[in-house]
Number of protein chains: 2
Amino acid sequence: MINLSVRRSSEPSHPGAAHAALQQMATEESGALCLEAFGSPFHFKKGNADLDAIRRHALGRRSFRPHTEMLNQNEIARDVLMIVDGLACTYHLLDDGRRQILSFCLPGDLIGIAGSPHAPLGYAAAAITNVAVAVLPQDRLLPIARTNPDFAMSLTRAVIASQALSQHHLTNVGRRTARERVASLLLELYCRVQGVSGTAAGEIQLPLTQEEIGDALGLTHFHVNRVLRALRNDHVVEFVNRVLRVLDVDRLSEEAGVEPGLFLSQAA
Amino acid sequence: MINLSVRRSSEPSHPGAAHAALQQMATEESGALCLEAFGSPFHFKKGNADLDAIRRHALGRRSFRPHTEMLNQNEIARDVLMIVDGLACTYHLLDDGRRQILSFCLPGDLIGIAGSPHAPLGYAAAAITNVAVAVLPQDRLLPIARTNPDFAMSLTRAVIASQALSQHHLTNVGRRTARERVASLLLELYCRVQGVSGTAAGEIQLPLTQEEIGDALGLTHFHVNRVLRALRNDHVVEFVNRVLRVLDVDRLSEEAGVEPGLFLSQAA
DNA sequence: CGTCGGGTTGACCCTTTTCAAAAAAAGTGG
DNA sequence: CCACTTTTTTTGAAAAGGGTCAACCCGACG
């Protein structure tokens, strides 16, 4: 049902020699392991005030290769990570292998904020593409907040925004048909990716497998495949070769059953 | 499919004369409309530091009768509400009447915190029983946070805790069977109610309809009924007459597929 | 050139929904 | 305290939306 081949992030990486220059570029402040290219369509373009406020306090950078685990759901998370480049996801993994993807994480998203400082995180995070993150040690949050009150509110707003998305997903999975769910997720990703990349073409790069889509929507990848085909036949969206082409945005949001503009506010 | 008979909360209330004394008791700080009795099993017993920090800044109180709307999903929320007594829920309402309950709100829970100060809330909230809340105007959050950094972090932690619950629900609905979902929700409510009420009996008052349970779990109330019967036949839990009796906690958490103690941390 | 991760398809099965209807409970007003 | 109404719970039968399983295809990659 799921791809369990997620490698531990602590594994040493073996970047090809050709990538050396880019790695240098990425190895800014800290001695974190940095690798791979950063020409992805998922780069942090325009910042909003809150995110910049948070990012300003980051202590370093780290990078992750595709399909590596960024946060473990049973360990206490030492650091909060802000995605700077690339695509990741957070998820729950059940004992028998079932997986629920909780969110797809784009540049600007925060992952790993813990409620209690020494409790396990409760969810895992993994890189989907190459991912670069800014690192913010968990135990620096309170000190920073004390000297910088706006920082704390920025943090709060970031968490609230991400919860609004979680709730949207819950409604999706709980009360919508497979077709509506797929339409809704594609619309969401289309809007969010355009939001962070600043572009506005009719298509985006979307390096997701149908299995990942299914794990986010509570469907099997078989059924995702069927729905995708139907959506393509009906000239709503095409999702082939990791490219999502939206043929008719209004139609898509109609199919999804969401008010257009729901996801645009995310990018504000 | 859903009960659309939610009355506007602005309706004047008509408390019986017998309740006068109790009303007085409840009308503490402000001229808010207060009514009805407060002998419910859902009363704010033991506070944790964060919640007290937040509640300390509340400006007044309000009460809601059962099935009245507390927050509207299309309006901008003026106030943040902290439940002090009673049971409420937050939900999304789709155009065609489908409803997804996002969370059940017990004393200590915060609802209505807005990410952007002037955007619609995105979800609604309704009282299930009589509900008493502490009111905290949205626009006081930032001023308070500025002079009191710990308040902001308390707020952040409260939102994080509630997001953890949302995510748990998402996994429930997306990747678990009907039986697992019902078991999981009952276990959650059992633990949370005992947490806030401070009791530890084998049963709790749980004034929910099967329809509400279904709307929270992405099931029809017909199927909830059948699952409930099966669980009763198997001597795991009994849920009759608004009373939830847990016959075997370990068995229940096993059925739910969650590690026992997941929800206990909520009450900490 | 052979393996491997994804995508695609069809047939079949099963969990859950839908619909109709009745019984039980809970309010409401007199 | 009793009729009367409205919710809520319960049950059965039938339909359907998705899941399961078994293949096969394809391009990427070593």
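Lettering of chains follows the sequences in order, A, B, ..., and the numbering in each one begins at 1. Both backbone and side-chain heavy atoms feed into the values below; hydrogens, waters and symmetry mates do not.
At whole-Å resolution of the value, CD1 in Ile128(A) and P in dG6(C) are 12 Å apart. Taking atom CD of Glu211(A) as the reference point, atom C1' of dT8(C) lies 15 Å away to the nearest angstrom. Rounded to an integer number of Å, the gap from Arg98(B) CZ to dG17(D) C1' is 13 Å. Atom P of nucleotide dT9(D) and atom CG of Leu206(B) are separated by 11 Å, given to the nearest angstrom.
For the pair Arg179(A) and Asp234(A), the salt-bridge criterion is met [side-chain N within less than 4.0 Å of a carboxylate O]. Look at Arg192(A) and Asp109(A) and you find a salt bridge, because one of the NZ, NE, NH1 or NH2 atoms lies within 4.0 Å of a carboxylate O, short of that distance. Looking at Glu180(A) and Arg98(B), a side-chain N of the basic residue comes within less than 4.0 Å of a carboxylate O on the acidic one, giving a salt bridge.
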The contact string for nucleotides 10-16 of chain D, one letter per nucleotide 5' to 3', using protein heavy atoms under 4.0 Å with B, S and - for base, sugar-phosphate only and none, comes out as BBBB---
Nucleotide by nucleotide, nucleotides 25-30 of chain D touches protein heavy atoms under 4.0 Å in the pattern (B base, S sugar-phosphate only, - none) ------
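Residue order along DNA chain C, read from the 5' end via each residue's closest nucleotide, puts Thr209(A) first among Thr209(A) and Leu219(B).
Qualifying side-chain contact (heavy atoms from CB on, under 4.5 Å) partners for Tyr190(B), counting only residues two or more places apart in sequence or in other chains: Gln194(B), Ile204(B), Leu244(B), Val246(B), Val249(B). For the side-chain contact (heavy atoms from CB on, under 4.5 Å) test, residues two or more places apart in sequence or in another chain that qualify with Ala216(A) are Ile101(A), Phe104(A), Leu185(A).
Side chains of Val84(B) and Pro107(B) form no contact here, defined as non-hydrogen atoms less than 4.5 Å apart. You'll find the side chain of Leu206(B) stays beyond 4.5 Å of the side chain of Arg242(B), heavy atoms only. Between Asp215(A) and Arg175(B), some side-chain heavy-atom pair lies under the 4.5 Å cut-off. With a 4.5 Å cut-off on side-chain heavy atoms, Val131(A) and Ser63(A) do not count as touching. Here the side chains of Arg245(A) and Val237(A) are not in contact, with every heavy-atom distance at 4.5 Å or above.
In this structure, Leu252(A) CG and Glu188(A) CD are separated by 11.5 Å, a value rounded to the nearest 0.5 Å.
Taking five base pairs at each end of the helix from dC1(C)-dG30(D) to dG30(C)-dC1(D) and finding the rotation axis that steps the C1' atoms of four pairs onto the next four gives two axes whose angle is 50°, to the nearest 10°.
Distances shown here put a side-chain N or O of Thr220(B) below 4.0 Å from the OP1 or OP2 atom of dT17(C).
Using a 30° and 60° split on the angle between ring planes, Tyr123(B) and His92(B) fall in the tilted class, from 30° to 60°.
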Distances under 3.5 Å only, N/O to N/O: pair up the protein atoms with those of nucleotides 24-26 of chain C.
residue, atom, partner, partner atom, Å
dA26(C), OP1, Asn241(B), ND2, 3.1

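Across all strands, Gly214(A) comes closer than 4.0 Å to no nucleic acid atom at all (heavy-atom distances).
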Stepwise side chain to side chain contact (heavy atoms under 4.5 Å, CB included) check, His221(A) with Ile213(A): CA-CA 7 Å; His221(A) 67 276; Ile213(A) 294 177; over 6 Å; no
